[in-house]
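Report on one structure; see the data block that follows.
For the single chain, residues carry numbers from 1 onward in sequence order.
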Amino acid sequence: MYIRSNTYVRSAVGASDKFSVAVGLHQGSALSPYLFLIVMDALTSDIQDEVPWYMLFADDIVLVGEDGLEVQSRLDRWQEKLESVGLKISRAKTVYLFCDFGVLSSFKLNCLNGVMLPVCSDFRYLGSVIQNNANIDRDVRHRISAGWMKWRQVSGTICEPRKPLKVAM
């Protein structure tokens with residue numbers, strides 16, 4: 001994605017030496033994920049299905065299917081297409097989630113390059129949690145804890161008794 005690209009890390013104690021970026025997106029850049037999505041959308045336009053059967057967000061791809069064979073077929077198509085343009089799917093970061101919602105389906109374990117993919121019990125995507133057992137308790141707990149965290153961040157300011165009412169509200 002980047003040719004002869006260098007970057008550095010800036011922190012409170014100073015800046016690091018420059019180093020080259022050979023793989024991945026520039027971290028901290030608001031433009032890099034958008035540009036990457038434009039390129040990915042153009043490269044994969046011939047294999048894309050309708051939402052929710054596939055979704056792209058930054059450098060993450062979500063493939064959805066009604067059974068294991070369908071997901072494996074989509075994964076194989078994406079892998080073949082990405083490798084034909086010099087990109088690859090990370091075997092270390094790729095996982096799959098099987099949701100058994102009481103409907104009989106032909107479940108087959110999915111693999112990438114002949115290696116079985118690890119199974120996860122829940123999947124986080126854009127702030128939502130999808131569980132393999134159709135429950136929503138982890139998603140609800142996550143949203144409640146996020147709300148309490150935000151409350152703790154502002155409660156010191158808005159609950160201060162010496163603050164004028166105009167400033168607090």
Side-chain angles (χ1 to χ4, degrees), residues 1-65 71-72 74-97 110-132 138-160 163 167-168:
M1 176 102 188
Y2 304 104
I3 299 173
R4 294 183 297 277
S5 178
N6 292 315
T7 192
Y8 66 95
V9 177
R10 186 176 54 198
S11 69
V13 295
S16 71
D17 295 333
K18 287 189 177 185
F19 55 93
S20 65
V21 177
V23 177
L25 296 175
H26 278 288
Q27 298 299 310
S29 170
L31 191 56
S32 288
Y34 180 66
L35 293 174
F36 185 80
L37 276 177
I38 290 173
V39 170
M40 284 293 290
D41 196 44
L43 290 175
T44 61
S45 63
D46 57 331
I47 63 168
Q48 292 176 4
D49 296 315
E50 295 294 319
V51 171
W53 303 110
Y54 101 97
M55 293 175 273
L56 287 173
F57 181 74
D59 58 348
D60 296 327
I61 304 168
V62 177
L63 301 175
V64 179
V71 173
Q72 185 67 51
R74 287 193 171 119
L75 180 60
D76 293 341
R77 276 196 332 230
W78 275 82
Q79 182 181 11
E80 182 180 309
K81 181 63 177 185
L82 293 175
E83 286 178 353
S84 72
V85 295
L87 299 172
K88 63 181 178 178
I89 297 175
S90 170
R91 194 168 45 204
K93 295 180 182 178
T94 303
V95 296
Y96 77 96
L97 172 71
N110 292 298
C111 44
L112 180 64
N113 296 331
V115 176
M116 301 307 277
L117 296 173
V119 182
C120 62
S121 61
D122 60 358
F123 175 73
R124 294 178 187 266
Y125 189 71
L126 300 179
S128 294
V129 180
I130 300 168
Q131 292 177 233
N132 63 350
R138 286 188 207 137
D139 193 31
V140 170
R141 275 197 308 266
H142 172 72
R143 291 173 186 268
I144 289 171
S145 68
W148 277 113
M149 182 184 67
K150 291 298 181 185
W151 169 252
R152 278 187 225 103
Q153 287 177 344
V154 300
S155 64
T157 303
I158 64 173
C159 295
E160 173 63 43
K163 283 247 190 253
V167 174

- Query: Taking the side chain as C-beta and beyond, is there a heavy-atom pair between Arg74 and Ile47 under 4.5 Å?
  - Reply: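 The answer is no; the side chains never approach within 4.5 Å.
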- Query: Side chains of Gln72 and Leu75: closer than 4.5 Å at any heavy-atom pair?
  - Reply: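 Yes, side chains in contact.
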Working to the nearest 0.5 Å, report the span between [atom1] of [X] and [atom2] of [Y].
X      : Y      : atom1 : atom2 : result
Leu63  : Trp78  : CG    : CH2   : 6.5 Å
Leu87  : Lys81  : CG    : NZ    : 11.0 Å
Gln48  : Ile61  : CD    : CD1   : 10.0 Å
Met40  : Leu37  : CE    : CG    : 8.0 Å
Ile144 : Asp139 : CD1   : CG    : 10.0 Å

Decide if atom [atom1] of [X] counts as having more than 12 heavy atoms of other residues, nucleotides or ligands within a radius under 6.0 Å.
X      : atom1 : result
Gln153 : CD    : yes
Asp46  : CG    : yes
Tyr34  : OH    : no

For [X] and [Y], which heavy atoms make the closest approach, and how far apart are they?
X      : Y      : answer
Arg138 : Gln131 : N-OE1, 2.9 Å
Tyr54  : Asp41  : OH-OD1, 4.1 Å
Gly114 : Cys111 : C-CB, 4.2 Å

- Please report the C-alpha distance between Asp49 and Arg77 in whole Å, then the side-chain angles of each, then the deciding distance to 0.1 Å, and finally whether the side-chain contact (heavy atoms from CB on, under 4.5 Å) criterion is met. CA-CA 11 Å; Asp49 296 315; Arg77 276 196 332 230; 3.2 Å; yes
